[in-house]
Amino acid sequence: MDQVGARLRPQRRGQLGEDVPRDYLEAHRWLQALADRGFVSAQYSLAVMYHQGLGVEPDPKLAFKWFEAAAKQNDARSQYMAALMSYYG
């Protein structure tokens, strides 16, 4: 895992509120940078943030974009969510 990938773990923990206060804005900043670089876990987590409105305005289009990006990399959770969003609109 490169240095950027290693940074995902603490940011994910921050998003989940494990051992640190939740900071969705900081989590979003890091997840966006990692998702842009193709990290599947970051793409999925960013999609969840947009889908549920965690620290950002809910945005179904951006949620679908990131679920689809991760789904194309064979992430089963993202494939499921992208399929649900496609089916239900």
Side-chain angles (χ1 to χ4, degrees):
M1 179 181 306
D2 67 16
Q3 287 181 336
V4 175
R7 292 181 184 181
L8 175 59
R9 273 206 178 104
Q11 299 312 316
R12 178 81 173 126
R13 288 177 47 198
Q15 179 188 8
L16 296 173
E18 296 173 357
D19 303 326
V20 294
R22 288 184 186 195
D23 186 346
Y24 289 118
L25 295 177
E26 184 70 6
H28 180 271
R29 186 173 71 84
W30 281 101
L31 290 170
Q32 182 70 59
L34 293 167
D36 288 340
R37 294 182 78 178
F39 285 83
V40 175
S41 294
Q43 291 172 339
Y44 173 79
S45 295
L46 193 59
V48 169
M49 290 184 81
Y50 282 116
H51 188 255
Q52 296 180 5
L54 301 172
V56 295
E57 283 292 317
D59 189 328
K61 290 181 181 180
L62 281 174
F64 182 79
K65 170 191 170 179
W66 290 113
F67 281 133
E68 186 176 46
K72 288 180 180 178
Q73 295 189 65
N74 297 318
D75 182 69
R77 302 168 300 176
S78 297
Q79 291 169 341
Y80 176 75
M81 289 301 296
L84 283 179
M85 291 182 79
S86 292
Y87 182 78
Y88 289 108

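Every value quoted in this text rests on a predicted model; they were computed, and no experiment measured them.
- Note that CG of L46 and CZ of F67 are 9.5 Å apart. Values are rounded to the nearest 0.5 Å.
- Hydrophobic clustering, with ILVMFWY side chains joined whenever heavy atoms are under 4.5 angstrom apart, keeps V40 apart from M49.
- Both M85 and L54 belong to a common hydrophobic cluster when Ile, Leu, Val, Met, Phe, Trp and Tyr are linked at side-chain heavy-atom distances under 4.5 angstrom.
- Between the CZ atom in R77 and the OG atom in S45 there is a gap of 6.5 Å [rounded to 0.5 Å].
- A donor-acceptor pair under 3.5 Å links the side-chain atoms of Q79 to the main chain of A71, judged by distance alone.
- Rounded to the nearest 0.5 angstrom, D36 CG and L31 CG are separated by 10.5 Å.
- Between Y50 and H28, the gap from one ring centroid to the other is short of 6.0 Å.
- Here the closest heavy-atom approach between residue A63 and residue H51 is recorded as CB-N, 3.6 Å.
- A chain of hydrophobic side-chain contacts below 4.5 Å, direct or via other Ile, Leu, Val, Met, Phe, Trp or Tyr residues, connects Y87 to F64.
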message: Using the rule given for side chain to side chain contact (heavy atoms under 4.5 Å, CB included), can you reason through W66 versus Q32, listing the C-alpha separation, both sets of side-chain angles and the distance that settles it, and then say yes or no?
response: CA-CA 10 Å; W66 290 113; Q32 182 70 59; 3.4 Å; yes

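- For the atom pair CG of D75 and CE of M81, the computed distance is 11.5 Å after rounding to the nearest 0.5 Å.
- K61 has no carboxylate O lying under 4.0 Å from a charged side-chain N of D59, or vice versa, which leaves the two without a salt bridge.
- Shortest non-hydrogen contact noted between A70 and S78 is CB-OG, 3.1 Å.
- The line from OG of S86 to CD of E68 is 7.5 Å long, rounded to the nearest 0.5 Å.
- The distance from the CG atom of L62 to the CD atom of E57 is 12.0 Å, given to the nearest 0.5 Å.
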